[in-house]
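Note sheet for the following structure.
When a ligand or atom number is given, it counts from 1 through the structure's own listing order.
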Amino acid sequence: MELSRRGVFTALVLTVILSVSAEVLNLSEELEEDGYFRKEHSLTKPYTGAGMDIPNWDFVGSTMVASSYIRLTPDRQSKQGALWNKIPVHMHNWEILVQFSVSGSGRQLFGDGFAFWYTKEHAELGPVLGNRDFFTGLGVFFDTYSNHNGVHTHEHPYISAIVSDGGVHYDHDKDGTHSQVAGCTAKFRNKEHDTFFAISYVDRELSVFHNIEGDDNWAECFNAPNIDLPTGYYFGFSAATGDLADNHDIISVKVYDVDSEGDENDDGKEEIDWSTITPKAANSEPKRPHVDNSIGVTETRGFRYVTAGIIFLVVVTAIALTIFYIRKAQEEKSKKRFF
Ligand SMILES: [Ca+2]
């Protein structure tokens with residue numbers, strides 16, 4: 001049975017929406033039989049095997065496994081936790097469907113958020129929403145707290161993506177938007193109903209969707225073409241709290257191998273070795289220096305006014321002095337005439 005890319009994605013969406021119905025269980029089984037569902041990269045209840053381990057998954061930091069969720073951080077300050085798939089991903093085209101939950105007691109202030117990863121590195125805690133900085137690969141950020149105290153270009157919570165070859169520093173004070181591929185605002189926190197996101201990477205096109213309103217509607221957050229991601233990297237999730245906190249939970253992960261038209265190209269073209277390409281996004285925002293918020297837009301504008309004022313004073317003084325000396329010279333001349 002052959003499914004088109006869109007068909008597979010529709011199937012995934014249906015799987016989530018109607019996950020309890022027998023019909024969809026059949027669909028899941030069908031996908032699995034056809035080799036589309038990748039069990040080794042997926043995570044469903046019950047999580048643990050015979051012991052406390054989760055088969056194929058590592059968890060580090062504050063991560064705690066409960067019976068119905070995996071909590072990356074509790075609603076407490078200064079925590080970092082992560083959950084990583086142990087098996088490198090050898091599919092070039094994939095789709096991932098994640099049920100998640102972000103909740104906490106904070107009404108106005110909460111943070112910091114969680115991230116999805118597809119990176120070369122694996123299970124290293126750090127400052128980027130619980131993961132290491134200078135990562136190699138893809139990071140999709142679900143950032144609940146705005147660190148950017150200056151002029152806002154978007155509201156939080158904010159979903160954004162960064163593709164890095166290992167040389168991009170995540171600028172936390174700018175919420176990482178300095179180097180983002182694209183992003184969108186999504187109010188996914190403290191929902192009574194189930195919340196989901198889906199990421200599709202097919203034919204070098206990266207798409208992020210969310211389903212957070214409890215009405216079974218999937219919304220496209222963004223779609224970005226010309227994204228290079230090699231095979232052989234790892235899927236992972238991480239989260240962090242700081243002065244502000246939240247529970248960041250992963251409930252289920254479903255990964256699908258997606259057949260693409262590109263894969264079926266048998267017209268004699270040289271085959272690309274996807275394992276050796278460098279992660280790259282053609283349209284990401286160019287690297288630019290960090291500007292500290294203390295010299296924000298207002299101060300910069302103020303500085304410009306002062307500079308303009310000084311130039312104006314210098315010019316006016318020069319004109320006044322010129323007029324003064326011309327007048328003085330004329331007076332001297334007329335005096336000479338009288339005496
Ligand atoms: Ca932030």
Can you give me the closest heavy-atom contact between Ser101 and Ile251, atom names plus distance? CB-CD1, 3.9 Å
Matching residue for Asn85 among Glu40, His41, Arg38 - test: side-chain hydrogen bond (donor to acceptor under 3.5 Å, both in side chains): His41
Chi angles and distances behind the salt bridge (charged side-chain N to carboxylate O under 4.0 Å, His left out) call for Glu213, Lys187: CA-CA 9 Å; Glu213 298 304 338; Lys187 310 271 183 192; over 6 Å; no
Which protein N, O or S atoms lie under 3.0 Å from the Ca ion (ligand 1), given by chain and residue number? Asp143 OD1, Asp143 OD2, Tyr145 O, Asn147 OD1, Asp175 OD1
Partners of Pro88 by side chain to side chain contact (heavy atoms under 4.5 Å, CB included), sequence neighbours excluded? His90, Tyr234
Should the ring pair Tyr118 and Trp94 be called parallel, tilted or perpendicular, given that the plane angle runs from 0 to 90° and is split at 30 and 60? tilted
Is the ring pair Phe100/Phe188 parallel, tilted or perpendicular, if the boundaries are 30 and 60 degrees? perpendicular
